[in-house]
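Worksheet: the structure to be examined is printed underneath.
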Amino acid sequence: MMEHEHEPTLIDLAERYDSEDIIDFTRSFVDDLRGGFEAVNHERFPWLSTLRQAPWSGVICLGMGGSAAGGDFLRALTDSNGSCPVFVSRGYNLPAWFDATWLVLATSHSGNTEETVTAAQTALGKGATVIVIASGGHLAGLPETSDRCHLIPTVGGQPPRTAFGHIFSRQLACLEYLGLLPRMADEHRDAMLLRLQQHNEHFDILKDPEGDIALLASSLMEQPIAVIGPQELAPALTRFKNQMNENAARFVRTGVLPEMNHNESVAWGGIGDDADPEASNQALLLLTWEGMLPRVRQRLDWMVAHASTETAWNLTGEGETLLEVLLYHCMVMDWLSTALALLHGKDPAAIAPISSLKAHLDSIQ
């Protein structure tokens, strides 16, 4: 009698497809955060004290992809509890209204993201002050050309989208030291990181290959994915989409409450006959937290009750602050997108189209 081959587990699939140890980088997320918080201080970067005294109109964050994600998170935090606006600029150009009263935070993991380098150089040309966060490259060399440009080095040697912990913790610590966000007390930050570490270990798909993350990933194999949440969690929605795009090569649509109730609700259907024919086959993920406005939660509950899809999951972010909840959702999406990649037989580090595009652009410079 022939023996049937066993269905490969996530452990088997990781050994087969995880060529660049994406899982190990995901495991180190909280340690990366801790290292970044500790790396930024007045003793190491005395120029922070000088910049703290400036009356900034706001902060403009330059970046692309995973390096821009931190700017989105900073904007959500400053909207909630900051002292100045944060604007995120993804591209080569600066807004027409930009002037030197805006502090520039230019972030590129590699330091060679051409859009970010170009925009940072333009900002310096306009007399602006630029803080660079990079592991090297052209961007890290800009402080050598101007005394208005300062470097906070980050950690290299890994795919940019796995370096979010390194990058965002430095961005956040920088704004705290500049007085643009309230500085979290050391004991509260340590407690937050401990709770996040415990969650991260619980989410580990190799330690628990049949746990909640693995089960959710397996249920999302065949359906289109939509993720919806409140405005303050919009950065997590965007990062969720980006991680699914790169790690798992999956499209994801996003919707932000309450705005999507004023348009997209019609396509979801449930009332009348106007639903998109694909709505019933959409897998709907809801990113929520305890701090949601009651009126927004009522909108979400109505949508779940009336949307034509039969598959919906509520992913409730745990944490005592908006920051902690956002980081919690980051870990969920990192593990979930990696699990889906493995189940699809994809190397979560493989990004051939992006590499091909960069090679094409390099060839025509």
Side-chain angles (χ1 to χ4, degrees), residues 17-33 35-36 39-40 61-75 88-92 105-120 131-142 151-174 235-250 252 326-327 329-331 333-338 340-341 346-362:
Y17 296 115
D18 188 13
S19 68
E20 296 188 30
D21 294 328
I22 296 296
I23 287 175
D24 283 343
F25 290 131
T26 305
R27 286 172 171 166
S28 70
F29 178 70
V30 179
D31 287 337
D32 296 346
L33 289 170
V40 180
C61 296
L62 310 179
M64 304 296 296
S67 296
D72 290 333
F73 281 69
L74 292 178
R75 179 172 57 191
V88 183
S89 181
R90 292 172 164 89
Y92 296 92
L105 189 58
T107 305
S108 168
H109 177 63
S110 68
N112 292 320
T113 306
E114 64 177 53
E115 300 96 328
T116 307
V117 173
T118 300
I131 299 174
V132 167
I133 297 179
S135 64
H138 295 299
L139 201 62
L142 290 183
L151 173 66
I152 296 178
T154 187
V155 179
Q158 62 191 87
R161 63 190 179 281
T162 69
F164 181 74
H166 292 302
I167 293 169
F168 174 64
S169 55
R170 285 165 170 77
Q171 293 174 320
L172 177 56
C174 180
L237 302 179
T238 300
R239 182 163 166 79
F240 190 105
K241 177 181 75 71
N242 291 346
Q243 293 298 85
M244 283 291 189
N245 292 162
E246 286 195 78
N247 287 343
R250 291 287 299 273
V252 171
L326 286 168
L327 295 174
H329 278 307
C330 277
M331 296 188 302
M333 67 189 72
D334 287 351
W335 284 112
L336 182 59
S337 59
T338 300
L340 261 175
K346 177 191 178 294
D347 181 348
I351 51 170
I354 296 175
S355 301
S356 177
L357 172 60
K358 289 182 177 179
H360 168 71
L361 293 172
D362 288 342

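Residue numbers count from 1 along this sequence. Quantities reported herein were computed from a predicted structural model and do not represent experimental measurements.
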Between Asn112 and Val117, does a side chain to side chain contact (heavy atoms under 4.5 Å, CB included) hold up when you go through it step by step? CA-CA 7 Å; Asn112 292 320; Val117 173; 5.7 Å; no
Check the pair Ile152 / Gln171 against side chain to side chain contact (heavy atoms under 4.5 Å, CB included), numbers first and verdict last. CA-CA 9 Å; Ile152 296 178; Gln171 293 174 320; over 6 Å; no
Check against salt bridge (Lys or Arg N to Asp or Glu O under 4.0 Å), Arg239 and Asp334: CA-CA 9 Å; Arg239 182 163 166 79; Asp334 287 351; 3.3 Å; yes
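The CG atom of Leu326 sits 7.0 Å away from the CZ atom of Phe168 when rounded to the nearest 0.5 Å. For the atom pair CG (Leu33) and NE2 (His166), the distance works out to 9.0 Å, reported to the nearest 0.5 Å. His329 NE2 to Leu237 CG: the interatomic distance, rounded to the nearest 0.5 Å, is 8.5 Å. Rounded to the nearest 0.5 Å, atoms OG1 (Thr338) and CD1 (Ile22) are 6.5 Å apart. Rounding to the nearest 0.5 Å places CD1 of Ile351 at 12.0 Å from CG of Asn245. Annotation: the span from Gln243 atom CD to Trp335 atom CH2 amounts to 12.5 Å, rounded to 0.5 Å.
Under the 4.5 Å side-chain criterion, counting only non-hydrogen atoms from C-beta, Leu172 is in contact with Leu74. Residues Cys330 and Phe73 form a side-chain contact, since some pair of their non-hydrogen atoms from C-beta on lies under 4.5 Å apart. Contact annotation: the side chain of Met331 never approaches that of Leu327 to less than 4.5 Å [non-hydrogen atoms, C-beta and beyond].
The side chain to side chain contact (heavy atoms under 4.5 Å, CB included) check on Ser28 picks up Asp32, with sequence neighbours excluded. Partners of Arg170 according to the salt bridge (Lys or Arg N to Asp or Glu O under 4.0 Å) rule, which considers only residues two or more places apart in sequence or in another chain, do not exist here. Listed by chain and number, the residues in a ring-ring contact (aromatic ring centres under 6.0 Å, His included) with Phe25 amount to none (sequence neighbours excluded). Considering only residues two or more places apart in sequence or on other chains, Asp347 meets the side chain to side chain contact (heavy atoms under 4.5 Å, CB included) condition with Ser19, Ala349, Ala350. Under the side chain to side chain contact (heavy atoms under 4.5 Å, CB included) criterion, Ala173 pairs with Phe37, Val40, sequence neighbours left out. Looking at residues two or more places apart in sequence or on another chain, you find no side-chain hydrogen bond (donor to acceptor under 3.5 Å, both in side chains) involving Glu115. Partners of Asp31 by side-chain hydrogen bond (donor to acceptor under 3.5 Å, both in side chains), not counting sequence neighbours, listed by chain and number: Arg34. Take Ser67 and apply the side chain to side chain contact (heavy atoms under 4.5 Å, CB included) test, not counting sequence neighbours, and it matches Thr107, His109, Ile167. Under the rule for a salt bridge (Lys or Arg N to Asp or Glu O under 4.0 Å), the partners of Arg75 that lie at least two apart in sequence or sit in another chain are Asp72. Partners of Asp21 by side-chain hydrogen bond (donor to acceptor under 3.5 Å, both in side chains), not counting sequence neighbours: none found. For the ring-ring contact (aromatic ring centres under 6.0 Å, His included) test, no residue two or more places apart in sequence or in another chain qualifies with Phe29. For the side-chain hydrogen bond (donor to acceptor under 3.5 Å, both in side chains) test, no residue two or more places apart in sequence or in another chain qualifies with Thr154.
Taking every heavy atom of both residues into account, Asn247 and Ala341 meet most closely at O-CB, 3.0 Å. Pairing each heavy atom of Pro159 with each of Glu20, the nearest pair is CG-OE1, 3.6 Å. Nearest heavy-atom pair, Thr113 versus Ser108, reported as atom, atom and distance to 0.1 Å: OG1-OG, 2.8 Å. The minimum heavy-atom distance between Ser169 and Gly36, with the atom names listed, is OG-CA, 3.1 Å. Taking each heavy atom of Ile133 and Leu105 in turn, the nearest pair found is CD1-CD1, 3.9 Å. Of all non-hydrogen atoms in Ala248 and Ser337, the two that sit nearest each other are CB-O, 3.6 Å.
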